[in-house]
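Each remark here refers to the structure printed beneath this line.
Here the structure is a predicted model, which means the values were calculated and not measured.
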Amino acid sequence: MWQQVLRVRPLPEDDFFLLGGDSLLASEVVTRALAVLSLDTTLGSTLIRALLATPTLKGFTAAVRDAPSGFGRAAAGPEPVVDFVGETELGFALTPVEGPAPRPQDPKDVLLTGASGFVGAFLLHRLLRSTGARVHCPVRATTPAHAEQRVRTTLARYGLRLDEADWRRVECFPGDLTQPGVGLSTTHIAELAHRLDLVVHNGARVNFLYPYGQLRPVNVDGTREVIRIAAPRRVPVHFVSTIAVVAGFGTAGVREVDEDLPPAHPDGLTMGYAESKWVAEGVLRRAAEQGLPVAVYRPYEVTGDRVHGACNTETAICSLFKTIAETGLAPDIELPMDFVPVDHLAESVVHIATHQQADGRVYHLTNPRPAMLSDVLERMRATGIALRTLPYAQWVGELVRYVAANPASATAPFVSLCVDRSRHADMSVKEMYLKGTFPVLGRSNAEEALAGSGLHCPPVDSALLDRYPEYFFASGYIARPAHPPGLGTPRAAAAESEHAACAVPMPSSPSPTSIRVLPDHPARTPGCSPNSQSSRPSCPMARPAG
């Protein structure tokens, strides 16, 4: 299995990750082991932890061998009990203020992390379009030229154009959020600390499979290093988080979460990525208590832009749509489609960062008029994709079988969310994000900050939904249906549901008004896939998009 995944013949003591393995390949090798040896899929997370703890071929083989008896969990080590509140300690005192005060309303220099990712590319584009600032971009790279090329490639991937005058205001250089000073020299750090007017901290490792400890170095310690750079002159730090940090409220029975409600229930998040973002927010609050200007943004599902529909296809939601299209099966669940187009997100963050005081507020950047998964399925059927729905438990069984037959599928890392159980509720992790469980989110801070800006998130209606399948088809991410509507597509079969006594024919071209866009309201219910921040997430169950 290792040889097939890594394309090299390993020796017993060889390290999976030193042979070129990453989290995507780790997911694949675990999925292959579960499928070939007919192991219970609930052992997937255990085997991932075992591979991280002992990444040799010999160690992983022992963990797989012992997994059915329960000894595999011992090889992986017990799931550590984390004091999440304790983890939010800043760990250092901010020095007295020195130097001229930053001017975030008219920034001349901006530090942007995660510029080589999906959201980061749009943030960079918007910063250059709406300010005259020079944007400093630390990027995982070997040289400044390599760093710039990574950013240029990402912008081109999503159809973002900059002229050379714009590029002269972009300074890309190697950086690493896991290293002290973000991997920069003391001279470079001092220069940035003296010049910066604004920090937009968007970089993160997005992975829904790894435990908290594996994500802590980038997502938590990296936030501390960004604070160190901003601290001397108290440069405002604007942090891109995720709505997943409030999932613990839902399983605790809290039905509504306003932006000003202090975060709580981190032990109920049951997902390392959400836990790491929860702690990072806490670290920023500790810095704010010492006088650092801070703002936190929690977007929901970051989707393709409004013009082209260009998506980061390595996200959870894109993978779900691809799997549904390929299998013809969809779960019958009440999953809100709270889509926030990435260009609207970037515009909103930059507008608030340059027009509002960073006074510690949280902004829920969600869609005031979301739709439901059933509406997305309707639009998919309108393209000619034949679909039927199954009860959730039955659909999960089909998903497991599909991934077992296709272990390299982008869907593989999602399976754990469907089979792993919540720590504090009798449901899978994914079910924590369904309507009625995940709390309704207030968005009064966001609405107040954007009032009069002319920035409006488009409703999740047919106009928006139809843009995404077309992008998937045009890019080759999803195969275009052989029989589009009007060319003999068996509409009745496409509409078949396991809950219906008979198939109900769908109209050949559903009316845009048939989409059940929820009415505009200051509080909305999110679904299950947090924002991805990277161009190639460590696990595609992300943004999407450091």
Side-chain angles (χ1 to χ4, degrees), residues 117-119 121-122 154 157-160 299-331 333 335-347 365-387 389 410-411 414 456-481 484-485 494 506 509-518 526-533 535 537 540-545:
F118 179 51
V119 172
F122 281 86
T154 303
R157 176 182 178 185
Y158 299 116
L160 297 173
Y300 180 70
E301 189 65 64
V302 184
T303 54
D305 71 285
R306 291 165 293 182
V307 178
H308 306 294
C311 298
N312 175 13
T313 54
E314 294 169 332
T315 62
I317 199 68
C318 289
S319 178
L320 175 64
F321 295 161
K322 180 178 175 68
T323 301
I324 289 173
E326 291 178 347
T327 63
L329 301 174
I333 53 178
L335 177 61
M337 297 284 99
D338 195 328
F339 292 170
V340 181
V342 64
D343 50 341
H344 173 75
L345 171 64
E347 292 169 0
L365 297 181
T366 59
N367 197 310
R369 291 164 292 178
M372 301 297 291
L373 177 60
S374 57
D375 301 312
V376 173
L377 300 182
E378 179 181 330
R379 301 314 300 164
M380 292 178 73
R381 290 183 177 112
T383 69
I385 297 175
L387 303 174
T389 58
T411 307
F414 296 109
H456 304 284
C457 190
V460 186
D461 57 9
S462 297
L464 185 67
L465 292 177
D466 289 351
R467 198 163 289 128
Y468 299 138
E470 184 54 38
Y471 175 79
F472 296 151
F473 298 150
S475 65
Y477 180 68
I478 295 177
R480 192 180 293 275
M506 296 293 295
S509 180
S511 166
T513 59
S514 66
I515 297 296
R516 294 181 292 110
V517 177
L518 302 183
C528 71
S529 299
N531 164 46
S532 166
Q533 309 293 335
S535 59
M541 194 160 214
R543 207 242 202 296

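A donor-acceptor pair under 3.5 Å is absent between the side-chain atoms of Arg157 and the main chain of Ala310, judged by distance alone. Side chain of Asp338 to main chain of Asn367: a donor-acceptor pair is present (N/O by atom type, distance under 3.5 Å, no hydrogens or angles). Judged by distance alone, with hydrogens and angles left aside, the side-chain atoms of Asp466 form no donor-acceptor pair with the main-chain N or O of Pro469 at under 3.5 Å.
We find the CE-CG distance between Met372 and Leu377 to be 11.0 Å, quoted to the nearest 0.5 Å. Rounding to the nearest 0.5 Å gives a distance of 9.5 Å between OG1 of Thr313 and CZ of Phe118. Taking CD from Glu301 and SG from Cys318, the interatomic distance works out to 8.0 Å, rounded to the nearest 0.5 Å. Here Met337 contributes atom CE and Ile317 contributes atom CD1; the two are 4.0 Å apart, rounded to the nearest 0.5 Å. Put simply, CG on Asp461 and CZ on Arg379 are 9.5 Å apart, with the number rounded to the nearest 0.5 Å. In this structure, the separation between OH on Tyr158 and CZ on Phe122 is 8.0 Å, given to the nearest 0.5 Å.
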**Request:** Begin with the C-alpha distance, continue with both residues' side-chain angles, and end with the deciding distance and a verdict on side-chain contact (heavy atoms from CB on, under 4.5 Å) for His308 and Glu470.
**Result:** CA-CA 9 Å; His308 306 294; Glu470 184 54 38; over 6 Å; no
**Message:** Is there a side-chain contact (heavy atoms from CB on, under 4.5 Å) between Ile478 and Phe473? Walk through the geometry before answering.
**Reply:** CA-CA 5 Å; Ile478 295 177; Phe473 298 150; 3.8 Å; yes
**Message:** Quick one, Tyr468 with Phe339, criterion side-chain contact (heavy atoms from CB on, under 4.5 Å). Give me CA distance, side-chain angles, the key distance, then yes/no.
**Reply:** CA-CA 11 Å; Tyr468 299 138; Phe339 292 170; 4.0 Å; yes
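With sequence neighbours left out, the side-chain contact (heavy atoms from CB on, under 4.5 Å) criterion links Thr323 to Ser319, Thr327, Leu399, Tyr402, Thr411. For Asp343, the side-chain hydrogen bond (donor to acceptor under 3.5 Å, both in side chains) partners two or more places apart in sequence, or in a different chain, are Arg306.
Judged by a 6.0 Å distance limit and a 45° cone about the ring axis, Lys322 is positioned over the six-membered ring of Tyr477.
Put simply, the side chain of Leu373 reaches to within 4.5 Å of the side chain of Pro331, judged on heavy atoms.
Nearest heavy atoms, Gly117 versus Thr154: O-CG2, 3.5 Å. The two residues Leu345 and Val302 make their nearest non-hydrogen contact at CD2-CG2, 3.7 Å. Between Arg480 and Ala474, the shortest heavy-atom contact is NH2-N, 4.0 Å. Closest approach of Val460 to Ala371, counting heavy atoms only: O-CB, 3.4 Å. Taking both residues in full, the closest heavy atoms of Val342 and Asp305 are given as CG1-N, 3.8 Å, listed atom of the first, atom of the second, then distance.
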